[in-house]
Structure formats: C-alpha cells, structure tokens
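Before any comments, here is the structure.
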Number of protein chains: 2
Amino acid sequence: MKPATLKDIAEHLGISVTTVSKALKDYPDVSKKTKALVKELAQTLNYKPNAFAVNLRMETSNTIGLIIPEIVHHFFSSVIKGIISQAEKKGYLVIILQSNESYELEKKQIDLLMSKRVDGILISLANGTADFKHLNDVIEQGKPLVMFDKIAKLVNCSKVIIDDRKAAYNATQHLIDTGCKRIAHFRGPLLPQNSIDRFLGYKKALEDNGMSYDPSLVYIFDNMTFEVGEMFAQKILREHPDVDGIFVNTDLVAIGAITEFNRNGVKIPEDISIVGFSNWFMSSAITPSLTTIDQPGFEMGKMAFKQLFKELKAKKKKKPIVPKIIELETSLVKRDSTK
Amino acid sequence: MKPATLKDIAEHLGISVTTVSKALKDYPDVSKKTKALVKELAQTLNYKPNAFAVNLRMETSNTIGLIIPEIVHHFFSSVIKGIISQAEKKGYLVIILQSNESYELEKKQIDLLMSKRVDGILISLANGTADFKHLNDVIEQGKPLVMFDKIAKLVNCSKVIIDDRKAAYNATQHLIDTGCKRIAHFRGPLLPQNSIDRFLGYKKALEDNGMSYDPSLVYIFDNMTFEVGEMFAQKILREHPDVDGIFVNTDLVAIGAITEFNRNGVKIPEDISIVGFSNWFMSSAITPSLTTIDQPGFEMGKMAFKQLFKELKAKKKKKPIVPKIIELETSLVKRDSTK
DNA sequence: CTGAAAGCGCTTACAG
DNA sequence: CTGAAAGCGCTTACAG
C-alpha cells in the first residue's frame with residue numbers, strides 16, 4: 001500500500017489540496033473545524049509528508065554531509081557522536097563519508113555531497129590534502145562549510161579547533177619543568193596543520209627555555225598506530241639513549257611506546273618521561289598512566305554543528321555568512337608518566 | 001548563481017528538455033551529434049542533476065539509514081566503516097543515527113528514517129529493545145531491513161550475526177582445556193540476544209564437561225567499561241577467591257579486569273586465566289596480552305550492506321524479499337592470558 | 001475561509 | 001531522431 005498524500009486526504013474530505021496543506025501546517029487562515037478534520041484523517045491515514053517533494057519544493061533537505069579521515073578512531077568517533085547528537089536536536093540528519101586520509105577521495109566526496117545537495121558540509125581534512133580548490137568551490141557556491149580539527153588556514157570558512165601550538169608548548173614545558181634535559185618529539189605526518197602546530201609548540205618551548213632544538217630528535221611517521229609507538233621507542237633507545245623525555249603527537253602512539261619501554265626495563269618516568277596528546281580513555285588505564293593533553297572531541301563535534309547550524313539559518317534569511325574561528329580549551333592532565 | 005538545469009541546457013541549444021535528458025543518459029534514440037553537443041554544454045555549465053527532483057520522480061534516493069547503539073566503540077565504529085565503504089562502492093549514502101541503547105530513541109529514529117523515505121534500514125538493536133513493533137512496521141511497509149550483531153530473533157528480516165553461543169562455548173572450553181576448574185562469567189546486560197547467547201554457550205560448555213554451573217559466578221552489569229572490569233575483578237577476589245578462570249563478554253571489560261589483577265599481584269594466567277570477546281586491537285597490546293574471540297566488525301558491516309543491497313535490487317525488480325541469516329566465522333585467538 | 005494554478009526539476013510513455 | 005505532455009507530491013502567491 002502506498003503512503004497517503006495530501007491529495008488522498010483532500011479527496012476523502014472533499015476539500016482542496018491547498019487547504020489540507022495549510023491545515024496541517026496550522027496556517028491562521030484555515031477554520032478550526034477544517035483543521036481538526038484534516039488532522040484527524042491525517043492521523044488515521046498515518047500521513048507523512050513526502051520528504052522528496054518537500055525537498056524539491058523547498059530546495060533544502062535538512063541533511064548535512066560529514067567527511068572524516070577515519071571513523072575507527074576514538075577521537076573522531078567522539079566528534080561524530082557530538083555532531084550527530086547536536087544535529088538530531090535541531091532536526092538535521094547527517095550523511096557520513098570517510099576519506100581514508102586520501103585527498104582524491106575527499107575531493108570526490110565533496111562532489112558527491114554537492115550533487116546530493118546537502119544543506120551544508122562539515123569536514124576534517126585528509127592528511128594528504130594540500131590543494132583546497134574543492135573546498136573553495138563549496139564556499140563559492142554559497143554552501144555553508146565548517147572545518148574542524150584538521151583544517152586549512154587558507155580556506156576562508158568557519159573552523160573549530162584547539163590551540164595545538166599552545167597545548168604542545170604546555171606539554172613540552174611540563175617535561176622541562178619536571179627536569180627533562182633532552183626531549184624528543186614523535187611528530188606524526190608532515191602535512192596536517194595540527195601536526196605542524198604541535199611541532200612548532202614543541203620547538204618554541206625548547207627555545208624559550210634555552211634548550212637547543214635538535215632535528216634528529218623529531219620522528220616523522222605516517223601511521224598513528226600502537227605498533228609505530230613500539231617501533232619508535234626502540235629507535236629512541238638505539239639512536240638517542242640520552243633522551244629523557246618524549247612529547248608524542250597522540251596517545252595511541254604514546255601507549256605503544258610505553259609498552260615497549262616497559263618491556264625493555266626502561267623506567268617511566270625515572271628514565272624517560274612521556275606526554276601524549278588527546279586523553280584517550282586508555283591513557284588513564286595503562287601502567288604507568290599517561291600524562292596527556294585533553295582534547296575535547298565530543299565538544300568539538302557539537303560546536304562544529306552549532307556553527308554550521310548558525311550559518312544554515314543565516315543563509316535562509318539571506319544574511320551573509322561571517323566565518324568564525326572557534327577555539328576550544330585544552331588542558332594538561334598530569335598522570336604517572338611524568339615526574 | 002543557481003545550478004544549471006536541463007531546461008537551461010535545452011534553451012541554450014534550442015532543443016527540448018526531453019532530448020537533453022535522454023542525451024545525458026545515453027538513450028539509444030538520440031543522435032550522436034546531439035549527445036555530443038548536450039554533453040559538452042553540460043560539462044561547461046557544470047550540470048549536476050537535481051537530486052531532489054530525481055528522488056521525487058524515481059521514488060528512491062540511494063540513501064539508507066543506519067541505527068547503532070553507540071558510535072564511540074571500537075567494534076561498532078568498525079562496523080560503520082564496513083557499511084560505509086561498501087555503500088560507497090554501490091553508490092549509496094548512509095545516514096547514521098545513534099540510539100544510545102534507548103528503545104524510545106530507537107523507535108523515534110525508525111520513524112524519522114521512514115518519514116525521510118530512506119531506501120532501506122540497517123540496525124543493531126538497543127539493549128533496552130524488547131518490543132519489536134517499530135521494526136515489524138518497517139517490514140510491513142515493504143522497506144528492506146537488515147539487522148546485525150544485536151538482533152531480535154522474532155523479527156522476520158535478514159540478519160548478519162556470529163554464532164555467539166558457539167564462540168562463547170569455545171572460549172569456555174579453552175579455559176577448561178587449559179586446566180581451569182572454577183570459571184566465572186562477566187556477562188554484561190540481560191536483554192540483548194548476544195549477551196544471552198554468550199551466557200548460554202558458557203553454561204553449555206560447563207555442563208558438557210561435567211562441571212557444575214554456579215549462578216553466583218555470573219556477573220551482570222549494564223555498562224561495558226574499563227572501570228566495570230576493574231570493579232568486578234575486585235569483586236571476584238573478594239567473593240570467590242577460588243575462581244581460576246573468567247570468560248568476559250567483551251575485551252574492554254576484560255582489560256579492565258586484567259589491570260586490576262595486575263595491581264593486586266594476581267598472576268595471569270597462573271592464578272586466573274582470562275578470555276575476552278571481540279579482539280579489540282588493544283588486546284594484543286596489554287600485558288599479558290588477552291586471549292579472545294575474534295569478532296569481525298568491518299566484515300559484518302560489509303555483509304550487512306551487501307545483503308541490504310540485494311534486497312534493494314530485489315525490490316526494484318518487484319521480486320519478493322527472502323530474509324536470510326548470514327553467520328560470520330569467529331575464531332579463538334590464543335594469547336598470554338590463558339595457559 | 002477556501003481553492004485554482006503555477007512551479008520546483010526531473011523521467012518517460014507516447015506520438016510523430 | 002525529436003518533442004509535447006503528464007506526473008511525482010508538495011508549497012504558496014493570488015483571487016475570490
């Protein structure tokens with residue numbers, strides 16, 4: 001059986017489609033009696049407006065697109081949760097796409113979302129994205145776009161971020177304050193802005209404290225995995241036995257390193273102190289528990305949607321969209337991996 | 001500037017909308033010359049069919065809905081990834097909703113997806129779901145529905161599952177084979193089918209081996225967290241110091257328990273052996289590494305979408321949908337938490 | 001207070 | 001090979 005339409009209701013009641021439509025939406029110029037009749041019949045017929053028709057007519061679908069580099073990742077899945085929960089409150093649905101850290105895929109997905117005519121787009125960039133035309137196209141076509149976490153400074157849209165540089169500075173400063181003299185940095189990939197900023201924060205802290213910056217102490221790797229942490233911990237022991245502190249780009253890698261150090265009888269924090277980044281829930285669980293920077297994923301998702309929602313509303317009112325940078329607070333969580 | 005429409009192209013070229021539409025879709029009854037002209041102009045105007053109009057006309061949107069109890073969860077986010085990756089291959093988009101393990105929310109979300117007229121629905125049930133009317137309604141309305149992981153046996157739709165009972169049986173048997181005499185079970189919540197089945201597998205293994213089943217050794221809890229694992233490990237030490245093996249419903253809880261046992265100087269596996277469930281990537285990382293049941297999340301998501309896709313195709317061809325149960329293989333991964 | 005009519009942008013059966 | 005016409009189901013400016 002096909003779903004009921006306005007026409008069905010109109011015919012049943014012997015009135016016009018126009019009146020039925022208005023009655024259901026409580027237009028003031030429909031009599032109470034008619035409204036009551038229409039609403040009752042709509043109820044019994046289980047009438048639901050055909051979303052496809054409404055979309056076409058209204059040129060909007062109350063659906064947004066979300067592109068994220070990797071779903072299976074505690075931080076990102078927290079962000080997704082924040083976005084979805086906030087979107088649901090405002091009556092928006094979220095289509096999720098995963099770029100797999102690939103610029104090519106990301107570009108295609110932007111195209112796909114545009115052709116599906118989502119109302120707006122939320123994105124965290126792939127590590128490989130260095131060209132931003134696909135994003136500028138979105139903005140040019142007047143479609144609200146909000147970036148979060150992995151952003152491009154050169155794209156003129158709203159962004160929800162943390163101050164990676166400051167957070168990294170604080171993390172490194174904490175290592176220095178607790179007596180570390182030779183501090184390495186597990187940096188991660190080269191391109192993404194937050195990777196760059198965390199590195200710069202690390203470097204600045206060293207300089208401000210009169211410690212020399214040694215490029216050979218900065219370790220670069222593409223995959224942020226537990227195994228990478230193990231591997232680079234070994235590398236540190238081999239290449240730089242004098243290192244007594246490490247600032248690691250992300251908790252998962254830091255935990256891999258801790259596991260490897262534990263295995264090799266390296267004492268944490270006595271021999272080597274470690275600070276991570278993100279405050280993944282496992283960080284408080286391992287031994288020793290990991291000092292880290294708390295990075296509010298759920299909150300970031302929530303704020304990203306909130307900002308997008310504001311822009312969606314502005315657009316509806318034909319008001320100009322004013323890009324905004326929203327910076328969320330981070331904090332250093334001191335645990336047992338530092339003195 | 002508004003996006004180009006068929007009409008724009010038709011007017012530019014002085015031909016009809018019909019012909020433009022056919023040309024773009026390579027209908028055989030349009031001349032090569034016309035096709036070439038149309039396609040070229042479409043290209044330069046950056047023509048993209050208006051998805052809203054196509055949806056309305058075709059009564060389909062190539063979009064499916066996914067309802068999942070909790071996104072921030074390694075197993076579920078792997079499933080999501082499997083679903084999305086497969087959907088993308090087939091040209092489908094996925095709207096994701098999170099039920100927060102709430103039956104009420106789940107019901108509302110089903111309603112929402114139905115009113116948005118998604119082509120099909122993928123769902124893993126909330127722990128609280130005991131009434132299935134909302135799901136049967138979906139089926140009655142002829143909308144393809146596939147359940148995965150947390151299913152309801154009573155709903156007549158396709159399901160992608162593992163044999164939880166068998167897997168749990170094997171896990172318990174392994175504890176018995178390695179010499180455990182008094183085996184506890186961290187069961188998790190009461191309602192979900194997989195929780196029930198894992199419990200039944202545990203019980204059956206005990207019985208088949210002539211070991212008495214002791215209900216006081218079965219621990220029930222609603223939240224599957226690391227902390228719950230720590231708490232119940234303590235409880236075991238207090239209430240049942242004679243326990244020498246535990247089969248835990250899920251790795252995260254097992255890892256919490258291991259951490260607590262380590263803290264208390266309980267030797268694993270010498271004093272207590274532990275088997276988990278799911279093969280979370282941290283299971284191989286902790287010390288001792290965790291023996292567990294490998295539960296293929298990504299694969300499950302992939303298969304769930306594949307089955308839904310089959311039903312979507314069947315529906316298009318007006319063929320009847322025949323519900324299918326797809327059972328994925330699990331395996332016991334032996335590590336250091338058992339002898 | 002009610003309704004006829006136009007239109008959103010597409011697809012396709014049908015006529016020529 | 002081409003096109004006029006109907007129709008998907010809704011919304012809303014306009015007339016009465």
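No hydrogens, no waters, no symmetry mates; every other heavy atom, side chains included, goes into these values. By convention in this document, chain letters (A, B, ...) are assigned in the order of the sequence lines, proteins followed by strands, and residues within each chain are numbered from 1. These numbers were taken from a predicted model, which means no experiment stands behind them.
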>> Taking B:E140 first and then B:K133, would you say they form a salt bridge - that is, a charged N and a carboxylate O separated by under 4.0 Å?
In response: no

>> One thing to verify: whether A:E101 and A:K150 come together as a salt bridge, which I'm taking to mean a side-chain N less than 4.0 angstrom from a carboxylate O.
In response: yes

> If each of B:D29 and B:V54 is mapped to the nucleotide of DNA chain C with the nearest heavy atom, which maps nearer the 5' terminus, i.e. the 5' end?
Replying inline: B:V54

Under 3.5 Å, N/O pairs linking protein and nucleotides 4-6 of chain D:
from: D:dA4; atom 1: N7; to: B:T18; atom 2: OG1; distance (Å): 3.3
from: D:dA4; atom 1: N6; to: B:T18; atom 2: OG1; distance (Å): 2.9
from: D:dA5; atom 1: N6; to: B:T18; atom 2: OG1; distance (Å): 3.2

[X] side chain N/O closer than 4.0 Å to the phosphate oxygens (OP1, OP2) of [N]?
| X | N | value |
| --- | --- | --- |
| A:Y27 | C:dT2 | no |
| B:K25 | C:dT12 | yes |
| B:S21 | C:dC10 | no |
| A:Y47 | D:dC10 | yes |
| B:K35 | D:dC1 | no |

> Is a side-chain N or O of A:N50 found less than 3.5 angstrom from the main chain of A:F52, in a donor-acceptor match?
Replying inline: yes

> Is it true that a side-chain atom of B:D119 and a backbone atom of B:T60 form a donor plus acceptor pair closer than 3.5 Å?
Replying inline: no

Value in whole Å for how far the [atom2] atom of [N] lies from [atom1] of [X]:
| X | N | atom1 | atom2 | answer |
| --- | --- | --- | --- | --- |
| B:M58 | D:dG7 | CE | P | 17 Å |
| B:K2 | C:dG7 | NZ | P | 13 Å |
| B:N50 | C:dC10 | CG | P | 6 Å |
| B:L24 | C:dT12 | CG | P | 13 Å |
| B:K7 | C:dC10 | NZ | P | 11 Å |
| B:L6 | C:dC8 | CG | P | 13 Å |
| A:N55 | D:dC8 | CG | C1' | 13 Å |
| B:L13 | D:dT2 | CG | C1' | 13 Å |

> Under 4.0 angstrom, heavy atoms only, what part of the nucleic acid is B:S31 near: base, sugar-phosphate, or nothing?
Replying inline: sugar-phosphate

> On DNA chain D, nearest-nucleotide positions of B:E59 versus B:P28: which is more 5'?
Replying inline: B:P28

> Taking for each residue the nucleotide of DNA chain D bearing the nearest heavy atom, is the 5' side occupied by B:T34 or by B:L56?
Replying inline: B:T34

>> Give me each pair satisfying side chain to side chain donor-acceptor pair (under 3.5 Å) with a member in residues 4-14 of chain B, each pair once, sequence neighbours excluded.
In response: B:T5-B:D8

> Taking only residues two or more places apart in sequence, or in another chain, which ones meet B:V94 in a side-chain contact (heavy atoms from CB on, under 4.5 Å)?
Replying inline: B:I64, B:L66, B:I83, B:I84, B:A87, B:I96

> For residues 296-313 of chain A, which residue pairs qualify under salt bridge (charged side-chain N to carboxylate O under 4.0 Å, His left out), counting only residues two or more places apart or in two chains?
Replying inline: none

>> Looking at A:K107, I want to see if its NZ is surrounded by more than 12 non-hydrogen atoms of other residues, nucleotides or ligands under 6.0 Å.
In response: no

>> As a test of your reading of the structure, name each stem of DNA chain D as range with range, where a stem is three or more consecutive Watson-Crick or G-U pairs at under 3.5 Å.
In response: C:1-3 with D:14-16, C:5-12 with D:5-12, C:14-16 with D:1-3

Distance-only check: which donor-acceptor pairs under 3.5 Å involve side-chain atoms of residues 37-47 of chain A, not counting sequence neighbours?
from: A:K39; atom 1: NZ; to: A:D26; atom 2: OD1; distance (Å): 3.0
from: A:K39; atom 1: NZ; to: A:D26; atom 2: OD2; distance (Å): 3.1
from: A:T44; atom 1: OG1; to: A:L41; atom 2: O; distance (Å): 3.0

>> Below 30° counts as parallel, above 60° as perpendicular, anything between as tilted: where do the rings of A:F76 and A:H73 land?
In response: tilted

